[in-house]
Amino acid sequence: MKKNIVLILLLMSLCVTGIVGLQLFWNYQNYQNTVKAFDHDINEALIKALDKERDQRQEQIVKRFKGWLADTSLITITANRNNRDSATVFYIQDTHPKFKGDKNRKTQFGLADFKEKLDHITPKAKAKLIEHFGERILKPDLKEGTVYYYTQMLGDSLEKVFSSSTTNPDRIALLFRQQLEAKNIYADFVLNPVRNDNLYLTRPVNTSFRKPYKKEFVDAGFEHQNRYFFKEIKWVIITSLLLIVITIGCFAYTVKTLLSQHKLAELKDAFINNMTHELNTPIASIKITAEALQAFKYSPDKQHEYLSIIAHQADKLSELTNQILTTEQVMNNVLVNKERVGVNELISKAIDDLRVQIEYRESCVDYIPATTAAYLNGDPDSLGKAIVNLLDNALKYSLGRPAVAIAVSTSLDHVDINISDHGIGIPQEYNRSIFEQFFRVPQGNLHDVKGFGLGLSYVKEVIEQHNGKIFVSKNYPTGSRFTIKLPLY
């Protein structure tokens, strides 16, 4: 059986180790994936935010450029179809050229989707040209980061606006926040932060219009990814750790149960062997005496003597069975006849019940009753048997002439009963085990103390069923001290 338990414990240990290992590995993988996703998402969100902010600035430039084209005081737009294909051709030039040589300088355009043939410009055609110029020509140029001088005035104005256009931090922060929230990221950030180890930085992105000749980098700093990770999946981690704790707890409880069952089985085996020995002695005496009465004819006096032996051994059997049945009754939480019980009277009766044994061993019992009357609400029979058990143990486990001290003291709501002896004592490592069923302290060379290992477990059950507590400690220089605390009536 021991080998089976070791095998079971080994397999359970491997199983628990596997579960814990898988949980830790899964959390580590989750951490790695979260960090990678976080890094990817914040960089992508920053790029998109900067692209949108750049697009907004470019839209503003295109809008201003369209305004310049529409302003006749700045730009003159004409149209004719004096060409080989007779298609409408548009011309733009500065209304007031900056240089005299530019007076007749024009830039001409043809619109592939404009099919109307015009000899002069019309408002509709002008509007179409302006829209085409801004959306189809200027906007792609701006995205490429270049400025063309279609006229001197347009080129100078566009160059000035183009060069002075810079990023708007507030607008970038707003757009970046929107992009992050779209990815379910709600972490705080700082744009262009001072470098330090506590921040997790994005890759810098160039926001300048003019590329690659000018560099205006923007980056963002977040709280360190480890803190962000733990904030984001703290419940997953807590749940995982809780699962690990529950698994280890179940494993520990199972191990404890297995070991307890194994220990209980050993104790029960010892109890059965001990009980068999205890029962065999009176049974053997009864059998031998009965056979002698059957085989021989004795005088009436001899027969009476043998019959007395049989009755005495039968009483011993009855006492043993009653002890087991009484213990079982208490273990099943069955107490009868609860009533008002006097503590001093209870102990005095227990001493009287053991009077024969006390006098036979020439024992010294020093009893100090409570100075004031103390009463309990309980079953006098079970409480009396509990006290008798403790006194009986104090007498049995004493070498030579036993000496037992009993002291009763009261407080506001409790009574303390102390029973001390100067016997062989109880090793400290067994202080808890002695109250377990079937447990008996190893006695070394002392083999003549009879018992089933039920007495102290019975005492503990009785005391606890009366809402009390029992403790054991060393009684210096030798022996044991049992202290019972019970609530007063």
Side-chain angles (χ1 to χ4, degrees), residues 271 319-358 363 365-370 374-398 402 404-410 414-421 423 426 430-441 449-473 475 479-489:
F271 166 74
E319 182 183 348
L320 291 172
T321 55
N322 284 336
Q323 182 182 351
I324 296 171
L325 291 174
T326 302
T327 303
E328 182 65 22
Q329 184 184 44
V330 172
M331 295 303 177
N332 290 331
N333 201 26
V334 179
L335 290 180
V336 290
N337 301 327
K338 272 199 171 185
E339 58 187 57
R340 181 183 170 96
V341 181
V343 178
N344 290 339
E345 293 79 4
L346 184 73
I347 295 175
S348 295
K349 184 178 183 304
I351 294 173
D352 287 337
D353 289 343
L354 292 170
R355 183 66 60 190
V356 174
Q357 184 176 339
I358 292 172
S363 306
V365 178
D366 183 15
Y367 171 40
I368 304 175
Y375 296 93
L376 306 172
N377 180 32
D379 179 9
D381 289 338
S382 60
L383 285 171
K385 289 175 182 176
I387 300 298
V388 167
N389 262 302
L390 292 176
L391 293 176
D392 185 47
N393 282 346
L395 296 172
K396 286 194 302 184
Y397 290 101
S398 294
V404 181
I406 307 169
V408 181
S409 60
T410 58
H414 278 78
V415 60
D416 290 351
I417 304 172
N418 290 285
I419 300 176
S420 307
D421 63 66
I426 299 171
Y430 299 125
N431 279 358
R432 290 188 179 182
S433 302
I434 59 173
F435 295 107
E436 297 176 3
Q437 276 188 308
F438 313 124
F439 181 83
R440 300 192 72 196
V441 177
V449 179
K450 308 298 182 182
F452 297 141
L454 295 173
L456 289 179
S457 65
Y458 170 85
V459 173
K460 184 173 184 290
E461 284 294 328
V462 169
I463 298 304
E464 288 182 347
Q465 288 180 28
H466 286 83
N467 300 316
K469 295 181 180 178
I470 182 169
F471 310 94
V472 63
S473 59
N475 185 37
S480 300
R481 174 192 295 268
F482 287 86
T483 301
I484 297 173
K485 286 184 174 292
L486 288 168
L488 290 172
Y489 184 67

**Request:** Could you walk me through whether Val408 and Ile347 pass the side-chain contact (heavy atoms from CB on, under 4.5 Å) test, one step at a time?
**Result:** CA-CA 9 Å; Val408 181; Ile347 295 175; 3.3 Å; yes
**Prompt:** Does a side-chain N-to-carboxylate-O contact under 4.0 Å join Lys396 and Asp392?
**Reply:** yes
**Message:** Taking the basic N atoms (NZ, or NE/NH1/NH2) and the acidic carboxylate oxygens, is any pair closer than 4.0 Å for Arg355 and Asp352?
**Reply:** yes
**Derivation and outcome, side-chain contact (heavy atoms from CB on, under 4.5 Å), residues Asp421 and Tyr397** = CA-CA 9 Å; Asp421 63 66; Tyr397 290 101; over 6 Å; no
Looking only at non-hydrogen atoms, find the nearest pair between [X] and [Y] and report the distance.
X	Y	value
Val459	Ala386	CG2-O, 3.6 Å
Leu391	Ala350	CD1-CB, 4.1 Å
Pro380	Gly378	CD-O, 3.4 Å
Ile463	Ile470	CG2-N, 4.3 Å

Would you tabulate the side-chain donor-acceptor contacts of residues 481-488 under 3.5 Å, counting partners in other chains and residues two or more places apart, or write 'none'?
residue: Thr483; atom: OG1; partner: Asn418; partner atom: OD1; Å: 2.7
residue: Lys485; atom: NZ; partner: Asp416; partner atom: OD1; Å: 3.1
residue: Lys485; atom: NZ; partner: Asp416; partner atom: OD2; Å: 3.0

**Request:** Applying salt bridge (Lys or Arg N to Asp or Glu O under 4.0 Å), run through Lys385 and Asp381 and close with a yes or a no.
**Result:** CA-CA 6 Å; Lys385 289 175 182 176; Asp381 289 338; over 6 Å; no
Minimum side-chain heavy-atom gap [X]-[Y] below 4.5 Å:
X	Y	answer
Thr410	His414	no
Ile426	Val472	yes
Leu395	Gln357	yes
Leu456	Leu390	yes

**Prompt:** Can you tell me how far CZ of Phe435 sits from CZ of Phe471, rounded to the nearest 0.5 angstrom?
**Reply:** 9.5 Å
**Prompt:** Between Val462 and Asp379, does a side-chain contact (heavy atoms from CB on, under 4.5 Å) hold up when you go through it step by step?
**Reply:** CA-CA 9 Å; Val462 169; Asp379 179 9; over 6 Å; no
**Message:** Test of understanding: with side chain to side chain donor-acceptor pair (under 3.5 Å), list the residues that count as partners of Glu345, not counting sequence neighbours.
**Reply:** none
**Request:** Can you sort out the partners of Tyr367 under side chain to side chain donor-acceptor pair (under 3.5 Å), two or more places apart, ordered by chain and number?
**Result:** Asn344
**Message:** side-chain contact (heavy atoms from CB on, under 4.5 Å), that's the test. Do His466 and Leu383 meet it? Break it down for me.
**Reply:** CA-CA 9 Å; His466 286 83; Leu383 285 171; 3.7 Å; yes
**Prompt:** Quick one: is the NZ or CZ of Arg340 closer than 6.0 Å to the six-membered ring centre of Tyr375, and within 45° of its axis?
**Reply:** yes
